[in-house]
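Scroll down for the structure; my scribbles are underneath it.
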Amino acid sequence: MEKILVTGGAGFIGSHVVDRLIKKGKKVIVVDNLSSGNEENINNSNNVRFFQIDITDSENLKALFVQHKDIEGVIHLAAQSKVTPSVENPLEDATININGTINLLDLSNKHGVKNFVYASSAAVYGHTETLPIQEETPASPLSPYGVSKYAGEEYVKAYGRLYGMNVSALRFANVYGPRQTASTEAGVITIFIEQLLRKEQPVIYGDGEQTRDFIYVDDVVSAVISCLINDGPSTHNPAFNVSTGEETSINQLLTVLCDVFNIDFNPNYEAERPGDIKYSYLSNEKLTSKYQWSPKTQLGEGLKNTVDYYQFK
Ligand SMILES: NC(=O)c1ccc[n+]([C@@H]2O[C@H](COP(=O)([O-])OP(=O)(O)OC[C@H]3O[C@@H](n4cnc5c(N)ncnc54)[C@H](O)[C@@H]3O)[C@@H](O)[C@H]2O)c1
């Protein structure tokens, strides 16, 4: 049975990836230091083994690879995954996101891992005028987080070129779904849901016409697995947007959420936050044409699943 290492498997996206791999009959090794993840998120199948290891700890990671010589694929999601801490402590962000990624790449290469899937982010693009954002759009990150994710991506691509590893760097748009915590990148959905559950008036910064590309976590998991099992891309640039290709304004988002809650749309508008990007959505054509992948979950359905999770957890 194929064995896959998932870093960040106790986190939001990683725990859903682990669930899907188990459903597909794989054995899974989870590496996570539980800094933002939660052990309760980890699938309790006998085919999952959890190791509380920091990805910057090369000695313990090496011991893990020596102990598990049959790891065939690595899905690298562990990261310092938030913008604000990266601004406050860029060195720590870089240590985790860059050095941690190099550690994993190097050990994967030395231990003959065939496929390596890396979680990058739409944050690598920064502010862009031309929409939808394409993979060819030059990277120009605005935050240390965006820089570190992009640097990780470049190392991933270099390992692909140097050693012929099958690598993919997936630039996730705003991912949402069950198990997300309010402080992650697409936290706005979790923040709205928590406000609505507490019967508070949701706060919108600016006029609410700013747009984002919200993608449901199950669709992201499908994209990750497609890249893992398809023997990697034979393209010179293994970066792929993982997005719906549709833009949703914050007003639209809250309207759909209010429908799910069956309440009136009545937000509290506050001053726009400085530096907020106005419009953003990403083309997913490269991924859809390369693999048999497309996002399947409509916003209303994804939001309903997410609300159900928070209501009944
Ligand atoms: N959620 C989004 O919308 C989004 C968007 C773009 C990119 N991403 C990327 O996707 C990946 C997963 O994000 P997420 O939203 O699930 O975040 P998350 O914070 O829920 O998950 C990250 C996991 O990594 C673990 N981790 C952090 N530092 C670690 C370290 N030094 N060693 C070992 N484990 C460590 C955390 O404990 C956590 O379980 C990240 O790489 C993130 O940058 C997420």
Side-chain angles (χ1 to χ4, degrees), residues 5-19 29-43 50-58 60-61 64 74-86 89 91-104 116-125 133 141 143-153 156 168-191 212-221 223-224 239-244 280 282 302 306:
L5 168 62
V6 180
T7 72
F12 162 48
I13 301 171
S15 63
H16 288 278
V17 168
V18 174
D19 289 348
I29 306 277
V30 170
V31 164
D32 200 300
N33 70 352
L34 301 180
S35 54
S36 65
N38 186 336
E39 204 169 342
E40 283 174 16
N41 287 342
I42 302 174
N43 191 298
F50 170 51
F51 295 86
Q52 188 169 349
I53 299 176
D54 195 296
I55 54 167
T56 62
D57 176 353
S58 34
N60 273 315
L61 266 189
L64 180 103
V74 171
I75 300 176
H76 176 36
L77 297 144
Q80 187 306 104
S81 59
K82 302 171 199 95
V83 170
T84 308
S86 83
N89 196 342
L91 198 56
E92 187 175 299
D93 173 83
T95 305
I96 299 167
N97 291 0
I98 303 175
N99 295 9
T101 299
I102 297 172
N103 257 341
L104 276 151
F116 192 100
V117 179
Y118 169 74
S120 186
S121 169
V124 303
Y125 293 114
I133 301 169
S143 64
Y145 168 71
V147 174
S148 67
K149 293 307 284 189
Y150 189 58
E153 214 183 84
V156 168
S168 316
L170 303 184
R171 296 171 175 170
F172 301 158
N174 295 80
V175 190
Y176 72 96
R179 301 185 197 143
Q180 185 168 37
T181 54
S183 53
T184 51
E185 276 186 74
V188 63
I189 290 179
T190 316
I191 292 168
R212 296 290 181 272
D213 189 328
F214 295 104
I215 181 158
Y216 189 61
V217 65
D218 281 1
D219 289 323
V220 171
V221 172
V224 167
F240 292 91
N241 292 338
V242 179
S243 64
T244 63
S280 176
L282 290 81
T306 312

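Just follow the structure's listing: the first ligand is 1, and inside any ligand the first atom is 1.
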What I want to know is whether [X] and ligand 1 share at least one N or O pair that is separated by under 3.5 angstrom.
{"X": "Ile13", "result": "yes"}
{"X": "Thr56", "result": "no"}
{"X": "Asn38", "result": "no"}
{"X": "Ser36", "result": "yes"}
{"X": "Gly14", "result": "no"}

Numbering as shown, the atoms of ligand 1 that approach [X] to under 4.0 Å (heavy-atom distance):
{"X": "Ala10", "answer": "39 (O)"}
{"X": "Ser81", "answer": "17 (O), 18 (P), 19 (O), 42 (C), 43 (O)"}
{"X": "Ala119", "answer": "10 (O), 11 (C), 41 (O)"}
{"X": "Gly11", "answer": "20 (O), 21 (O), 38 (C), 39 (O)"}
{"X": "Ile53", "answer": "32 (N), 33 (C)"}
{"X": "Leu34", "answer": "37 (O)"}
{"X": "Leu77", "answer": "11 (C), 12 (C), 40 (C), 41 (O)"}
{"X": "Gly37", "answer": "36 (C), 37 (O), 38 (C), 39 (O)"}

Which atom of Phe12 lies closest to which atom of Tyr176, heavy atoms considered |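 In this case the closest contact between Phe12 and Tyr176 is CZ-C, 3.5 Å.
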Starting at [atom1] of [X], measure out to [atom2] of [Y] and round the result to the nearest 0.5 Å.
{"X": "Ser58", "Y": "Ile53", "atom1": "OG", "atom2": "CD1", "answer": "11.0 Å"}
{"X": "Asn33", "Y": "Thr7", "atom1": "CG", "atom2": "OG1", "answer": "10.0 Å"}
{"X": "His76", "Y": "Phe116", "atom1": "NE2", "atom2": "CZ", "answer": "5.5 Å"}
{"X": "Ile96", "Y": "Leu91", "atom1": "CD1", "atom2": "CG", "answer": "10.0 Å"}
{"X": "Ile42", "Y": "Asp32", "atom1": "CD1", "atom2": "CG", "answer": "6.0 Å"}
{"X": "Glu92", "Y": "Asn97", "atom1": "CD", "atom2": "CG", "answer": "10.0 Å"}

Apply side-chain contact (heavy atoms from CB on, under 4.5 Å) to Ile98 and list each qualifying residue two or more places apart in sequence or on a separate chain.
->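 Once residues adjacent in sequence are excluded, the partners of Ile98 under the side-chain contact (heavy atoms from CB on, under 4.5 Å) criterion are Ala94, Ile102, Ser148, Ala151, Tyr155.
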Would you say [X] contacts ligand 1, with heavy atoms under 4.0 Å as the rule?
{"X": "Gly100", "value": "no"}
{"X": "Asp32", "value": "yes"}
{"X": "Ser120", "value": "yes"}
{"X": "Ala173", "value": "yes"}
{"X": "Tyr176", "value": "no"}

Is [Y] close to [X] at the side-chain level, that is, under 4.5 Å between some pair of heavy atoms?
{"X": "Ile55", "Y": "Asn103", "result": "no"}
{"X": "Val31", "Y": "Leu104", "result": "no"}
{"X": "Leu5", "Y": "Leu64", "result": "yes"}
{"X": "Asp93", "Y": "Pro85", "result": "no"}

Region of Lys149 that comes within reach of ligand 1 [heavy atoms, distance under 4.0 Å] =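 Lys149 to ligand 1: side-chain contact only, backbone stays beyond 4.0 Å.
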With heavy atoms and a 4.0 Å threshold, my read on which part of Ile96 contacts ligand 1 is side chain
Options Ala79, Ser121, Ser15, Ala78, ranked by nearest heavy atom to atom 27 (C) of ligand 1, top entry | Ala79
Please identify each residue that fulfils salt bridge (charged side-chain N to carboxylate O under 4.0 Å, His left out) with Asp219, with sequence neighbours left out.
-> none
